[in-house]
Every structure is written in C-alpha cells, then in structure tokens.
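Step one of this worksheet: look at the structure below.
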Amino acid sequence: MQNDVLRAGPLSRAVLIAFWICCAVHLALVAAGADPMNSLTKALVMPLLAAWVLAQRGPRPLVAALLLSWGGDVALEIDGFFLAGMALFAGAHVCYVTYFVREGALDALRRRPVVPVLYAVIWAGLVFFLWPGLGDLRLPVAGYSLLLTATAVTAAGHGLRIGAGGALFLLSDTLIAFDLADLPLPPMNGLVVMATYITAQYLLASGIVNRLRARSPGGQAVALGEAPGAA
C-alpha cells in the first residue's frame, strides 16, 4: 500500500487512506458481530476503492467491476436477494475477464498452460464436492463459480499481484459456498471471507492501476482509449 500512496496525488491518497480505514473498521465490526453496523461499513468499501481507481484514471471495466461488486455486497445483506447478489458479482467477473483478455492474458497463459489446467481441476473438484449440499442453488453456483474461476485464471496472466488477487477472490467465495453447502468452516469464517475478499479486490485494482501507470509516459494510470494527459 505504501508505494501506491506515495505515487498518488492528494485526492488519491486521501481516498485510499479512507478506504483502508473503512476496511479496518468493517473487519473489526465483523469480528465483533456488530450487526447492522458492519453492513453499513461493508457498503462503503467498494465505492471507496472505485473512487480511488477513478482518481488514478483507471480503466472503465475495472470501475464497473468494483461497482457491480458493491451492488452484490449490498444485495447479499438483504433477505431474499442472494441470487441477485450472485448475478451482480457474475457481472463483475465478466468485466474482469473481458479486461484481462483484452490486455493479453490468453497469450501469457499459453506460455504457462499449467495455470488454466490447475484452475480447471480446482473448479471441477469444488463443484463435485459441493454439489450434494447445494440443493436448488446447484446450477447457479456452478455457473457463477465458472466465471469466478475464469477471473482467477485470466488474472494469473498478468503477474503475481493481480494473480494473487484472483486466487484470493476464488478462496473467499469458496468459503461462502462451503457455508451454503453446510460444510465445515474455519473459525470466524465471516471475518476470513471479508478479509480475503477485500484483499483480493485491492490487489486486482492496484495491480491493474500500477501496470497502467508503468506503461504511461507520465507515470500515471491512463484508462483504455485515452491519451496520456487527457482530462
């Protein structure tokens, strides 16, 4: 985080600090079981990260992925909106996969075919293991998990930081799926889910922004389709 703060302007720095403060407060509330306050702080996390990306002039698909994730976060806090939340997160993964593919993920993965093969095995194994306990959610979870795995695979084509973000996103949602299937969970599963989810989204967002910044002449991230220095 330090490098991202040092390279950012005053607005970006302020938003990023607000993001991490909100994350810390939210995780503390989750650990304490402080409902509904943890739902309120959860609803602020992704908008703050999206605002940081916008301040960095990051790519639109990334902003869309974060805002769709925010919609998913909110929907999952409302009774009866689980499938709506899953659909919003599916949209976020479509944005991530589309962006990573456009940025050359497939070429990178052709040089490392073990990565997609490994993730395909993980996806198939998880679906097989979870299937008996998912009931009516079997098909939605299988479809969503395929998109989630696609994000992890294509993220792995863009280096360690972004790849780690994709892997942690997969881990976080796998823990949610274990809960849906009434399988054994780690202690304080809710805290683990949120900590890995927040870290995943930050690694994805900051990794993308840093790659764009490194490529731009002025050292600042430039959105796709924009010329350096454009307003």
Side-chain angles (χ1 to χ4, degrees), residues 1 15-55 58-99 137 140-141 143-152 155 162 164-180 185-186 188-209:
M1 184 184 76
V15 173
L16 190 59
I17 291 171
F19 165 75
W20 283 117
I21 291 173
C22 183
C23 290
V25 172
H26 175 65
L27 293 177
L29 291 173
V30 171
D35 297 321
M37 291 301 297
N38 58 13
S39 297
L40 296 177
T41 51
K42 181 181 181 181
L44 295 175
V45 171
M46 288 303 114
L48 285 170
L49 187 56
W52 176 74
V53 172
L54 285 170
R60 286 182 289 275
L62 173 57
V63 176
L66 294 173
L67 292 180
L68 284 166
S69 297
W70 166 69
D73 286 338
V74 173
L76 292 181
E77 295 298 303
I78 304 172
D79 289 340
F81 279 73
F82 181 82
L83 288 177
M86 187 185 297
L88 287 163
F89 273 112
H93 290 300
V94 169
C95 291
Y96 274 128
V97 172
T98 301
Y99 176 78
L137 292 175
V141 169
Y144 171 77
S145 63
L146 186 60
L147 283 172
L148 172 64
T149 305
T151 293
I162 297 175
L168 284 175
F169 212 143
L170 178 59
L171 172 60
S172 179
D173 280 4
T174 296
L175 292 173
I176 295 175
F178 270 55
D179 193 13
L180 292 174
L185 299 171
M188 301 190 74
N189 184 61
L191 179 61
V192 176
V193 166
M194 284 309 302
T196 51
Y197 167 68
I198 289 170
T199 305
Q201 293 276 33
Y202 174 72
L203 289 174
L204 290 168
S206 60
I208 291 170
V209 166

Testing the basics here: between [X] and [Y], what is the closest heavy-atom pair and its distance to 0.1 Å?
X    : Y    : answer
S69  : A92  : OG-CB, 3.5 Å
P59  : I208 : CG-CG2, 3.7 Å
P61  : Y99  : CB-CB, 4.0 Å
V63  : V53  : CG2-CG1, 3.7 Å
G166 : L204 : N-CD2, 3.7 Å
L76  : G85  : CD2-CA, 4.1 Å

Nearest 0.5 Å, please: how far is [atom2] in [Y] from [atom1] in [X]?
X    : Y    : atom1 : atom2 : answer
L66  : W52  : CG    : CH2   : 10.0 Å
M86  : L147 : CE    : CG    : 11.0 Å
F89  : D173 : CZ    : CG    : 6.5 Å
L29  : L191 : CG    : CG    : 11.0 Å
L148 : F169 : CG    : CZ    : 6.5 Å
N38  : E77  : CG    : CD    : 6.5 Å

Flag side-chain contact, heavy atom, 4.5 Å: [X] against [Y]:
X    : Y    : value
Y197 : M46  : yes
F19  : C22  : no
D179 : V193 : no
T41  : L27  : no
C95  : L68  : yes
D73  : V45  : no

Requested in this report: Decide side chain to side chain contact (heavy atoms under 4.5 Å, CB included) for L137 and L83; before the verdict, give the C-alpha distance in whole Å, the side-chain angles of both, and the deciding distance to 0.1 Å.
Outcome: CA-CA 9 Å; L137 292 175; L83 288 177; 3.7 Å; yes
Query - L168 backbone acceptor or donor facing S172 side chain under 3.5 Å - result: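 No, the answer is negative, given that no donor and acceptor are paired below the 3.5 Å cut-off.
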